[in-house]
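Input: a single structure, listed below in structure tokens.
All values below were derived from every heavy atom in this structure, side-chain atoms included, with hydrogens, water molecules and symmetry-related copies excluded.
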Amino acid sequence: MNKIDEVKELLTDTVAKIYTTIKDNSLEVTKEKGQAPRVRTIRPTRHTIKWKAKNH
């Protein structure tokens, strides 16, 4: 295995781990041009529905 293949495999594994972590913990990552990425937790849908019903 040459270095390029090793880097590709490592990168693929890292991205897969990040994706599963984000999915499992309900995180959202946003990136705006010229700014650092922001990570925040997503409110569960049932909380959003309760909030909208209460406030609208």
Side-chain angles (χ1 to χ4, degrees):
M1 227 179 183
N2 61 13
K3 289 289 184 186
I4 293 173
D5 291 335
E6 288 178 22
V7 171
K8 283 181 183 178
E9 186 176 331
L10 182 62
L11 185 60
T12 303
D13 291 343
T14 304
V15 169
K17 286 179 185 177
I18 291 171
Y19 180 77
T20 55
T21 301
I22 287 173
K23 201 122 168 92
D24 292 344
N25 295 322
S26 298
L27 300 174
E28 179 185 47
V29 179
T30 56
K31 170 74 171 93
E32 295 180 17
K33 189 173 183 178
Q35 294 182 354
R38 292 184 339 186
V39 179
R40 67 183 185 101
T41 56
I42 298 174
R43 182 183 303 194
T45 304
R46 65 175 176 248
H47 291 175
T48 304
I49 291 170
K50 284 181 182 179
W51 180 82
K52 285 185 178 180
K54 181 180 172 187
N55 294 312
H56 287 69

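- Of the inter-residue distances, the one linking Glu9 atom CD with Asp13 atom CG reads 5.5 Å to the nearest 0.5 angstrom.
- Within 6.0 Å of CG on Leu11 lie more than 12 heavy atoms contributed by other residues, nucleotides or ligands.
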Please report the C-alpha distance between Thr30 and Glu28 in whole Å, then the side-chain angles of each, then the deciding distance to 0.1 Å, and finally whether the side chain to side chain contact (heavy atoms under 4.5 Å, CB included) criterion is met. CA-CA 6 Å; Thr30 56; Glu28 179 185 47; 4.1 Å; yes
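- The environment of NZ in Lys31 is crowded: more than 12 heavy-atom neighbours from other residues, nucleotides or ligands sit within 6.0 Å.
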